[in-house]
Amino acid sequence: MARVMDYVVQHQNVVGDKVRRFRIEQNLSQKELSERLEMYAIYICRGSISRLERHERTVTDYELKAMAEVLKVSIYDMYEE
(Lines give C-alpha, C1' and ligand atoms only; values in the text may rest on other atoms or scores of the structure.)
Protein backbone atom coordinates (compact mmCIF):
# COMPACT_ATOMS: atom_id res chain seq x y z
CA MET A 1 0.00 0.00 0.00
CA ALA A 2 1.41 3.37 -1.00
CA ARG A 3 2.13 5.99 1.62
CA VAL A 4 0.50 9.35 1.06
CA MET A 5 2.19 12.41 2.53
CA ASP A 6 -0.20 15.31 3.01
CA TYR A 7 2.33 17.84 4.23
CA VAL A 8 4.87 20.10 2.62
CA VAL A 9 8.41 18.95 3.35
CA GLN A 10 10.39 21.71 4.98
CA HIS A 11 14.15 21.71 5.29
CA GLN A 12 15.09 19.07 7.82
CA ASN A 13 18.81 19.91 7.90
CA VAL A 14 21.26 22.64 6.91
CA VAL A 15 24.09 20.38 5.72
CA GLY A 16 22.54 18.60 2.74
CA ASP A 17 24.14 20.76 0.05
CA LYS A 18 27.58 20.45 1.64
CA VAL A 19 27.28 16.68 2.03
CA ARG A 20 26.47 16.41 -1.67
CA ARG A 21 29.29 18.78 -2.65
CA PHE A 22 31.94 17.03 -0.58
CA ARG A 23 30.69 13.57 -1.67
CA ILE A 24 31.03 14.55 -5.33
CA GLU A 25 34.47 16.09 -4.71
CA GLN A 26 35.54 12.74 -3.22
CA ASN A 27 34.11 10.95 -6.29
CA LEU A 28 31.78 8.91 -4.10
CA SER A 29 28.36 7.70 -5.11
CA GLN A 30 25.57 7.85 -2.57
CA LYS A 31 25.87 4.08 -2.21
CA GLU A 32 29.62 4.29 -1.58
CA LEU A 33 29.08 6.95 1.09
CA SER A 34 26.47 4.72 2.70
CA GLU A 35 28.87 1.76 2.70
CA ARG A 36 31.73 3.81 4.19
CA LEU A 37 29.48 5.10 6.95
CA GLU A 38 28.85 1.48 7.97
CA MET A 39 32.49 1.30 9.09
CA TYR A 40 31.50 3.86 11.76
CA ALA A 41 28.38 1.86 12.70
CA ILE A 42 26.21 4.46 10.96
CA TYR A 43 23.57 2.76 8.85
CA ILE A 44 22.07 5.15 6.32
CA CYS A 45 20.83 3.58 3.08
CA ARG A 46 21.47 5.18 -0.31
CA GLY A 47 17.91 6.49 -0.46
CA SER A 48 18.31 8.20 2.88
CA ILE A 49 21.55 9.83 1.68
CA SER A 50 19.54 11.19 -1.25
CA ARG A 51 16.82 12.50 1.09
CA LEU A 52 19.47 14.05 3.35
CA GLU A 53 21.03 15.85 0.38
CA ARG A 54 17.59 17.18 -0.60
CA HIS A 55 17.08 18.43 2.99
CA GLU A 56 14.21 15.96 3.49
CA ARG A 57 15.87 14.00 6.31
CA THR A 58 17.31 15.06 9.64
CA VAL A 59 20.92 14.32 10.56
CA THR A 60 22.04 13.26 14.02
CA ASP A 61 25.25 14.51 15.54
CA TYR A 62 26.75 11.01 15.31
CA GLU A 63 25.87 10.77 11.62
CA LEU A 64 27.31 14.21 10.89
CA LYS A 65 30.57 13.39 12.69
CA ALA A 66 30.96 10.15 10.71
CA MET A 67 30.12 11.86 7.41
CA ALA A 68 32.74 14.53 8.06
CA GLU A 69 35.34 11.83 8.74
CA VAL A 70 34.41 9.82 5.65
CA LEU A 71 34.42 12.96 3.50
CA LYS A 72 37.71 14.15 5.07
CA VAL A 73 36.39 17.53 6.19
CA SER A 74 35.72 19.23 9.48
CA ILE A 75 32.23 19.16 10.93
CA TYR A 76 32.34 22.95 10.75
CA ASP A 77 32.91 22.74 6.98
CA MET A 78 29.54 21.02 6.67
CA TYR A 79 27.59 24.08 7.76
CA GLU A 80 26.42 26.81 5.44
CA GLU A 81 28.67 29.80 4.97
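No hydrogens, no waters, no symmetry mates; every other heavy atom, side chains included, goes into these values. Values in this document were obtained by computation on a predicted structure and should not be read as measured data.
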Subject >> salt bridge (Lys or Arg N to Asp or Glu O under 4.0 Å) between Glu35 and Lys31, intermediate numbers included >> reply: CA-CA 6 Å; Glu35 291 169 352; Lys31 184 175 185 227; 3.4 Å; yes
**OP:** Go through the steps to decide whether Val14 and Val59 satisfy the test side-chain contact (heavy atoms from CB on, under 4.5 Å), and finish with yes or no.
**Re:** CA-CA 9 Å; Val14 296; Val59 183; over 6 Å; no
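- Residues Val15 and Phe22 fail the side-chain proximity criterion, which asks for heavy atoms closer than 4.5 Å.
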**OP:** Apply the test side-chain contact (heavy atoms from CB on, under 4.5 Å) to residues Ile42 and Thr60: give CA-CA distance (whole Å), side-chain angles for both, the deciding distance (0.1 Å), then the verdict.
**Re:** CA-CA 10 Å; Ile42 302 295; Thr60 68; 5.8 Å; no
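- Interatomic distance, OG of Ser48 versus CG of Leu37, reported as 11.0 Å (0.5 Å rounding).
- In terms of modelled atom types and a separation under 3.5 Å, the side chain of Arg36 and the main chain of Val70 share no donor-acceptor contact.
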Original post:
Where do Glu63 and Thr58 land on the side-chain contact (heavy atoms from CB on, under 4.5 Å) test, with the steps shown first?
Top reply: CA-CA 10 Å; Glu63 293 170 338; Thr58 59; over 6 Å; no
Original post:
Which is it for Ile75 and Met67 under the side-chain contact (heavy atoms from CB on, under 4.5 Å) test, yes or no, and what are the steps along the way?
Top reply: CA-CA 8 Å; Ile75 279 181; Met67 280 184 225; over 6 Å; no
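- Tracing side-chain contacts under 4.5 Å through hydrophobic residues (I, L, V, M, F, W, Y), one reaches Leu52 starting from Tyr79; they form part of the same cluster.
- With salt bridges taken as basic N to acidic carboxylate O contacts below 4.0 Å, one links Glu25 and Arg21.
- Formation of a donor-acceptor pair under 3.5 Å by the Asn13 side chain with backbone atoms of Arg57 is found in this model.
- A side-chain donor-acceptor contact under 3.5 Å links Ser34 to the backbone of Ile44.
- Using a cut-off of 4.0 Å between Lys/Arg side-chain N and Asp/Glu carboxylate O, Lys18 and Glu53 are scored as not salt-bridged.
- For Arg23 (side chain) and Leu28 (main-chain N/O), a donor-acceptor pair under 3.5 Å exists by modelled atom type.
- Within the model, atoms CD1 of Ile49 and CZ of Arg51 stand 11.0 Å from one another, a figure rounded to the nearest 0.5 Å.
- How far CG of Asp17 is from NE2 of His11: 7.0 Å, rounded to the nearest 0.5 Å.
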